[in-house]
Structure formats: C-alpha cells, structure tokens
Amino acid sequence: MGRILPRDFYNRETEIVAQEMLGTIIECTTPEGTASAMIVETEAYIGEHDLACHAAAGRTKRTALLYGPPGFSYVYFIYGMHWCFNAVTRAEGMPSAVLVRAAEPVSGKSLMRERRNEMPRDVDLTNGPGKLCEALGIDGAMNGVSLQKKPLVIREGRAVRPDEIETTPRIGISRAVDWPLRYIIRGNPYVSRFPRTSPGKNKQV
DNA sequence: TCGAAGATTGTCT
DNA sequence: GACAATCTTCGAG
C-alpha cells in the first residue's frame with residue numbers, strides 16, 4: 001500500500017494539487033468495511049474570485065472549512081440527494097479545494113456494488129461525484145475530517161505522466177463555465193464524461 | 001419564515 | 001436530450 005499523502009501535499013497551488021491527485025488512492029473505512037478507488041478525474045475550485053466556487057459567496061458557516069488548513073475533507077450535500085467530496089488545499093485564508101469527480105474501484109468492490117444498488121458494471125460504481133461518495137460510503141459524517149487518518153485517507157497510487165493528463169472545462173456549473181480547471185486521466189474509462197470532440201457547441205453532452 | 005438555486009443522477013422519450 | 005426527485009444553504013423580508 002502506498003504511503004499516506006502528507007499535509008504539505010495539499011498546501012500548494014490548487015491546480016497543481018488537482019493534477020497530482022490523479023492516480024492516487026482514496027480509501028474509506030466504515031463499520032461495513034473498507035473500500036478504495038484510484039482517482040481519475042478532479043476539478044479545482046480556486047477561491048472567492050472563482051464564481052463557481054462555494055467560497056465566492058464569502059465566508060459562511062458552510063464554506064468555513066474552505067478557509068481552514070489544507071489536507072481536510074469538505075463534503076457537502078447537493079440536489080437533496082447526493083454528497084460530493086473535496087480535499088481542501090492551500091494555506092489558511094485561501095478558500096480553495098479539489099473536487100474528486102470520478103475514480104476506478106481498487107478494493108472493496110463488492111461493498112461498493114452493494115451500496116450502489118447492485119450496479120452490474122464496474123464503471124457505474126464510481127464514475128461521478130455523487131456515485132463515488134455513495135460507493136465509498138462518504139457522507140456528512142466525513143465532513144471536515146483529516147485526510148491523513150481513518151476513516152478517510154488518500155494514498156500514493158500510480159504515477160501519472162503529464163502527457164496522460166487532459167485538461168477541460170468544469171462540469172455541471174453555471175458560472176465561470178469556460179475555466180479549464182478539470183483534469184482527467186486521458187482515455188480512462190472511469191471518468192464521468194468525456195470531452196466533446198465535435199466543434200461548435202459549448203455544451204457538454 | 002420564505003423562496004430560489006444548486007460542483008447530480010436515473011429514467012423516460 | 002429532457003426532466004423530475006429532493007433538501008440544504010443562504011439571503012431577503
């Protein structure tokens with residue numbers, strides 16, 4: 001098993017952290033057991049000037065974590081039914097985070113499948129931020145916990161070469177839609193959505 | 001206290 | 001592709 005990523009890993013430019021989190025292993029332990037997956041898709045949310053970032057609304061009860069120290073989780077509930085997992089980055093006072101959007105199951109696959117309503121295909125277990133959290137068992141109880149110890153840790157995984165990383169605009173947001181802050185492992189079948197290839201349209205399919 | 005919007009997903013056409 | 005399900009958060013009244 002790879003070593004746990006140190007606190008300093010997260011205390012850097014959010015775009016760098018987002019790219020280097022590709023290929024790392026997120027591992028979540030609950031009373032039901034442990035499940036882990038290799039991260040293949042991330043997005044950077046980089047502060048109050050980033051209108052798609054929750055911190056654009058300023059410091060509130062909800063966003064207080066983003067202003068805290070790096071290396072902690074930021075888990076929020078969206079659309080009344082899904083959890084999204086982020087890793088808080090940068091030094092204190094810089095409200096930014098990396099959203100983990102998709103991963104490739106590594107261990108605890110049967111547990112993930114059970115949580116995910118017996119989805120037959122592996123790719124449907126973790127190819128989206130809400131699915132990923134459901135499969136790994138991440139919920140509000142994991143909000144604000146350290147990523148250096150159980151129940152939630154991120155470990156070194158496989159090395160990802162720079163030419164394997166593809167950069168695209170972020171998904172599912174309505175502001176700052178053109179900012180190229182989404183990073184995926186090129187060609188990995190577990191990413192949530194593939195970049196559009198046909199020119200002309202500005203919408204993801 | 002109320003209303004609107006949201007870093008999504010699954011199902012139907 | 002389009003849309004409903006569902007509820008927390010936040011700002012306005």
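Lettering of chains follows the sequences in order, A, B, ..., and the numbering in each one begins at 1.
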Reported CD1-to-CD1 distance for the pair A:I26 and A:I138, which is rounded to 0.5 angstrom: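 CD1 of A:I138 is found 4.0 Å from CD1 of A:I26.
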Roughly how far apart are A:I25 CD1 and A:E104 CD, rounded to 0.5 Å?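 Rounded to the nearest 0.5 Å, the CD1-CD separation comes to 8.5 Å.
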Taking 4.0 angstrom as the limit, do [X] and [Y] come out as a salt bridge?
X: A:K109; Y: A:D122; value: yes
X: A:R158; Y: A:E164; value: yes
X: A:R175; Y: A:D50; value: no

Rounded to whole Å, please give me the gap between [atom1] in [X] and [atom2] in [N].
X: A:R62; N: B:dG6; atom1: CZ; atom2: C1'; result: 8 Å
X: A:I173; N: B:dA5; atom1: CD1; atom2: P; result: 17 Å
X: A:I171; N: B:dT9; atom1: CD1; atom2: P; result: 11 Å
X: A:Y76; N: C:dC7; atom1: OH; atom2: P; result: 18 Å
X: A:I46; N: B:dA7; atom1: CD1; atom2: C1'; result: 14 Å
X: A:L51; N: B:dA5; atom1: CG; atom2: C1'; result: 15 Å
X: A:N127; N: B:dT9; atom1: CG; atom2: C1'; result: 10 Å
X: A:Y45; N: B:dG6; atom1: OH; atom2: C1'; result: 11 Å

A:Y79 on top of B:dT8's base, within under 5.5 Å and under 30°?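 The base of B:dT8 is stacked with A:Y79 (centres under 5.5 Å, planes under 30°).
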I'd like to check the salt bridge (charged side-chain N to carboxylate O under 4.0 Å, His left out) partners of A:E166; sequence neighbours left out, ordered by chain and number. A:R186
According to the Watson-Crick and G-U wobble definition with distances under 3.5 Å, which dot-bracket string, read 5' to 3', encodes DNA chain C, using [ ] for crossing pairs and | for pairs with another strand? |||||.||||||.
By nearest atom, which of the nucleotides C:dC10, C:dC7, B:dT9 is closest to the A:F77 side chain?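 So the side chain of A:F77 is nearest to C:dC7.
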The side chain of A:T60 is closest to which nucleotide in this list: B:dA7, C:dG11, C:dA5? C:dG11
Is the shortest side-chain N/O distance from [X] to OP1 or OP2 of [N] below 4.0 Å?
X: A:K61; N: C:dT8; result: no
X: A:S174; N: B:dA5; result: no
X: A:R175; N: B:dA7; result: no
X: A:H54; N: B:dA7; result: yes

Pick out which of A:Y45, A:Y67, A:Y76 makes a ring pair (Phe, Tyr, Trp, His ring centres under 6.0 Å) with A:H54. A:Y76
Students often get this wrong, so: under 4.0 angstrom with heavy atoms, is A:L99 touching a base, only sugar-phosphate, or nothing? base
Report yes or no: is the cationic atom of A:R12 (NZ for Lys, CZ for Arg) under 6.0 Å from the centre of the six-membered ring of A:F9, at an angle within 45° of the ring normal? yes
Name the residue closer to the 5' end of DNA chain B, choosing between A:S192 and A:I78 according to the nucleotide with the nearest heavy atom. A:I78
Taking the nucleotide of DNA chain B with the closest heavy atom to each, which residue, A:L66 or A:K131, is nearer the 5' end?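 Its nearest nucleotide being more 5', the pick is A:L66.
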